[in-house]
Trainee: 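Okay, handing you the structure first.
In what follows, chains are A, B, ... by sequence order, proteins preceding strands, each numbered from 1.
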There are 2 protein chains.
Amino acid sequence: MTAEPRLSWTEVRDTIRARILARHYAPGDKLPRDEDLARNLGCARATVHRAMQDLAAAGLVERRRRGGTHVPNDPVTRATFDIPVTRREVEARGSLYGYRLISRAIAESPPAVMARFGLQDPSPMLHVRALHLADRRPYILEDRWIDLATTPEILEVDLAQHSANEWLVHHKPYSRVDVRFHAVNAEGEIARHLDTPRGSALLVLERTTWIGSAPITTVQSVAAPGYEVAAQS
Amino acid sequence: MTAEPRLSWTEVRDTIRARILARHYAPGDKLPRDEDLARNLGCARATVHRAMQDLAAAGLVERRRRGGTHVPNDPVTRATFDIPVTRREVEARGSLYGYRLISRAIAESPPAVMARFGLQDPSPMLHVRALHLADRRPYILEDRWIDLATTPEILEVDLAQHSANEWLVHHKPYSRVDVRFHAVNAEGEIARHLDTPRGSALLVLERTTWIGSAPITTVQSVAAPGYEVAAQS
DNA sequence: CAGATTAATATGTACGTACATAATAAGTCA
DNA sequence: TGACTTATTATGTACGTACATATTAATCTG
């Protein structure tokens, strides 16, 4: 008789997940200790621990040393979005990517930008506005501020040829990022550049990065009408 | 002389991350093998593996058996959102939560709803519209469809007293969720219920859940103007 | 009986061994 | 020389041991 195959951590995870889904463990409930689950399922504690790590990352359980493992009392929906550089996104849709620099100027950071970075004092920044196109039609209007203290080399980049978006992603790694979504009505230049009626509802992706605690860039990417962003499956 | 403390996986992760940030490993680059990194850093291969697992989850590296570890050529920004039930979100803001059922009707799923679920044939569903309030002002307008094949018990719930949002989160776990954001202009009933001028730009969170491959619910939560959703830090 | 202290506990972690396996490189063959 | 097969390799994993540590429960003291 051959040895019984060992239980994998993914099988353990799916078993526990099924019990949570079946409300065998309901919101607020405490789960058995790792050691007891291991004995019950016929595997090692480390295998249960690995499965729980995954469940915790998904928000299905909460772990506490000594305190044990619980199903959260107030579950949240956890959704992860992968936001590519715009060129890749357009090309991934099978569309032709286009880029156009609208404006580029050195200026002191305005209050709204300072607020996004959490800055008290203005600092010299490069203000870049650019349009990304898909199949020759406006797709994303980008309004970006780049801190010249951390990123002086952006001044050497020909932003008429290369989007700041891509340059930064390749040359300027960050250690912290803040991402937000909101909606705005198309007005003035936004309506013009995106070639859309004034008043159209537009989705805005705001993304701010820091290296350590020093600001790098903050961008508002205003999407053409109809744009929708989906979490990864 | 006391034994040197062992390197922790978080220290290994931070070291590798710093090297990626410093472009010691640039986009497209292949990293040294786990075993070599372990020797280089003076720790176990399992410790390096644990650190890499975390870096991979953050999207900073890509792992392939035999193929090794690479810095992605096309890095993406990975942002994770935790979406609580509306009551918790309102209370977390220090506001008073209120709830009002607008309408409740059994109907066959319309094409747009079938599309969201990936259904070919319509099925009987409960269509619920409700308003969530913060400090007595409209906050989120919820337009929801609940599949009666998987969730017949929703018919017994007094939705005038309890939001479907909370009932489902507590009683109906799901195994798959699809989350999307887009923007709409406030029109007709939406403008009325949210008490906002027609034409206002509104952020919409769309969330669809399945148990196995069977639909549970799909909801469009239309936020009052000014609403913004932020990724977790 | 409340606050402080101590003990116990359940999870977290470093490691090493042995093995699994996906993926790449090398070799073979027509 | 290209297609196919085989070998090699680098990561993935199960486990067990030993220890670390955050947290909770129990105990002590005034």
Trainee: Let me confirm one number: the CZ-CG distance from Phe181(B) to Leu203(A), rounded to the nearest 0.5 Å.
Mentor: 8.5 Å
Trainee: Could you tell me how the ring of His132(A) sits relative to the ring of Tyr97(A): parallel (under 30°), tilted (30 to 60°) or perpendicular (over 60°)?
Mentor: tilted
Trainee: To the nearest 0.5 angstrom, please state how far the CD1 atom of Ile211(B) sits from the OG1 atom of Thr151(B).
Mentor: 9.5 Å
Trainee: Can you tell me if His170(B) uses its side chain to pair, donor with acceptor, with the backbone of Pro75(A) under 3.5 Å?
Mentor: no
Trainee: To the closest 0.5 Å, what do you measure between CG (Asp14(B)) and CG (Leu21(B))?
Mentor: 9.5 Å
Trainee: Over how many whole Å does the gap from Leu37(A) atom CG to dT11(C) atom C1' extend?
Mentor: 12 Å
Trainee: Any donor-acceptor pair under 3.5 Å linking the side chain of Ser109(B) with the backbone of Ser123(B)?
Mentor: yes
Trainee: Does the Lys172(B) side chain pair with the main chain of Thr150(B), one donor and one acceptor, at a distance under 3.5 Å?
Mentor: yes
Trainee: Have a look at Arg45(B) and say if it touches a base, only the backbone sugar-phosphate, or nothing, with a 4.0 Å heavy-atom cut-off.
Mentor: base
Trainee: Extract, from 5' to 3' on DNA chain D, the first and final nucleotides lying under 4.0 angstrom from some heavy atom of chain A.
Mentor: dT13(D) to dA25(D)
Trainee: Of the residues in residues 62-75 of chain B, which ones touch DNA chain D at a heavy-atom distance under 4.0 Å?
Mentor: Arg63(B), Arg64(B), Arg65(B), Arg66(B), Gly68(B), Thr69(B)
Trainee: Which atom pairs, donor and acceptor, lie under 3.5 Å between side-chain atoms of residues 41-57 of chain A and protein residues at least two apart or in another chain?
Mentor:
| residue | atom | partner | partner atom | Å |
| --- | --- | --- | --- | --- |
| His49(A) | ND1 | Arg63(A) | NH2 | 3.1 |
| Asp54(A) | OD2 | Arg13(A) | NH1 | 3.0 |

